[in-house]
Structure formats: structure tokens, C-alpha cells
Amino acid sequence: KNEVEQSPQNLTAQEGEFITINCSYSVGISALHWLQQHPGGGIVSLFMLSSGKKKHGRLIATINIQEKHSSLHITASHPRDSAVYICAVRRFGNEKLTFGTGTRLTIIP
Amino acid sequence: DVKVTQSSRYLVKRTGEKVFLECVQDMDHENMFWYRQDPGLGLRLIYFSYDVKMKEKGDIPEGYSVSREKKERFSLILESASTNQTSMYLCASRGWEQRNQPQHFGDGTRLSIL
């Protein structure tokens, strides 16, 4: 079993819909990252979380440390949100990140 | 803004060739990373370096080596390329004081081994 599991693997939605992507992990962590990868390949960081909730524009990320679970929400989704969203965790005392396999999001106009 | 530059976006090489993938960052970051990304497997760490001339194996180092002669440059070397090394390769960097901050990624190199 992977240490970081994401769901769903693929998600297609209509423009304007509220989107939720989930990430569960099985190890103790010091931080969780949400990343976005557009079709060109480059990866950008959206959020880094160690507790609670963060918001940036239409994106909201939450984490529940006790339940080892994080969600990424997108409000009023738009076709430009179409990308692969990747969850990654940093374990205590470790420089390395462990990545989920990603969720491919497609927003249809 | 941090810039991580990978030398090629697309590369096609033949089996048995020695292949060099170059990565340069402009923010004086101590830590640099090489990943490969395959469908259904996510990003997997090949090697990382926490300073000049320092390197550590990641999760899948077999068939690869690295070189960090200067702080800004981290090279990934495929000693004798094989078809199972066809993949997307991503370089990243991060400052030592920013251990809980995001890594900064390059745009990736899509490598095909024929």
C-alpha cells in the first residue's frame, strides 16, 4: 500500500462546479504539500500545510492531522484549472517528499 | 522568483548511450533533487544533493548517477541508457533553511530511449 493515496484518480466536471480532491497518508508528517502540474509538465506549489486550513483565491486546502487526511477544494471551477493535482508529504526528520500518484482534473466549458 | 532550468524539454537517445540531464537553479539553494515521473507511479526520487559534492541515493538510484560540482548545477547521468528509463525527469531545489517550504521544480525533460 502506498504511503500517500489520492482520490479520485481522474475527475471530469462542468465549469462552475465545486471540486474536491482527497489525500490520505499513513505516516507521521511534518508538512503536506499540494502541487499542480499543467500539461506542459512544470510543477508549481499551491499550498504547504501542517495544520488547519489555507485559502488562496478559489483554492482551499484543509488537513486533519488526527485522521491523516487532507482535501483540496476548488470553488467555481474553470477550464484553466484543468491539470494534475499532486499531494506530497514530508515525514518527520526526513528531507525527502513522498508523492501521491496525482488526480487528473478536467473542467469542461 | 526562483528559477530552476532544465537543459532540454524533449530528448531522444539510443539504448546504451550515456545521457546527461542538466539542471541549474539561480537561488543559491543547497538542496537539489532529481525525480522521475511515470503514469500511475507518481514522482519517485532518484538522487538528491544537500551540498556541493554531496549526494544521497533516493528510492530508485539503480542505473543512474549524479554530479554536483557547483552549487547551482545538478546533473543526472544515465550511464548506459535502457528503454525502461524512458520517462519524464524533473529537477527541484530548495534552500536548507526552507526545509518545510515547497521545492521549486523545473519544467521537466521528457526522455525517450529507443
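To find a chain, count down the sequence lines: A is the first, B the second, and so on, and within it residues start at 1.
Of the two parts of Y35(B), only the side chain, counted from C-beta on, holds a non-hydrogen atom closer than 4.5 Å to a non-hydrogen atom of chain A. With a threshold of 4.5 angstrom between heavy atoms, R9(B) approaches chain A through side-chain atoms but not through N, CA, C or O.
The number of heavy-atom neighbours closer than 6.0 Å to CZ of R110(B), taken from other residues, nucleotides and ligands shown, is 12 or below. Other residues, nucleotides and ligands contribute over 12 non-hydrogen atoms within 6.0 Å of the CD atom of E15(A).
Within residues 100-109 of chain A, the residues that have a heavy atom under 4.5 Å from a heavy atom of chain B are G100(A), T101(A), listed by number.
The shortest distance between side-chain heavy atoms of L97(A) and L43(B) does not fall below 4.5 Å.
Of the inter-residue distances, the one linking I86(A) atom CD1 with Q37(B) atom CD reads 5.5 Å to the nearest 0.5 angstrom. Expressed to the nearest 0.5 Å, how far CG of D59(B) lies from CZ of F99(A) amounts to 10.0 Å. Taking CG of L90(B) as the reference point, atom CD of Q37(A) lies at 6.0 Å (rounded to 0.5 Å).
Note on V44(A) and L72(A): separate hydrophobic clusters, where clusters join Ile, Leu, Val, Met, Phe, Trp and Tyr whose side-chain heavy atoms are under 4.5 Å apart, directly or indirectly. A chain of hydrophobic side-chain contacts below 4.5 Å, direct or via other Ile, Leu, Val, Met, Phe, Trp or Tyr residues, connects Y64(B) to F74(B). Linking Ile, Leu, Val, Met, Phe, Trp and Tyr whenever their side-chain heavy atoms come within less than 4.5 Å leaves I46(B) and I77(B) in two separate clusters. Neither M48(A) nor V89(A) shares a network with the other; the hydrophobic side chains, linked directly or stepwise wherever heavy atoms of I, L, V, M, F, W or Y lie under 4.5 Å apart, form separate groups for each. At a threshold of 4.5 Å between side-chain heavy atoms, the hydrophobic network of Ile, Leu, Val, Met, Phe, Trp and Tyr places M32(B) and M88(B) in two separate groups.
F105(B) and L35(A) make their closest contact through CE1-CD1, 4.4 Å (heavy atoms, listed as atom of the first residue, atom of the second, distance).
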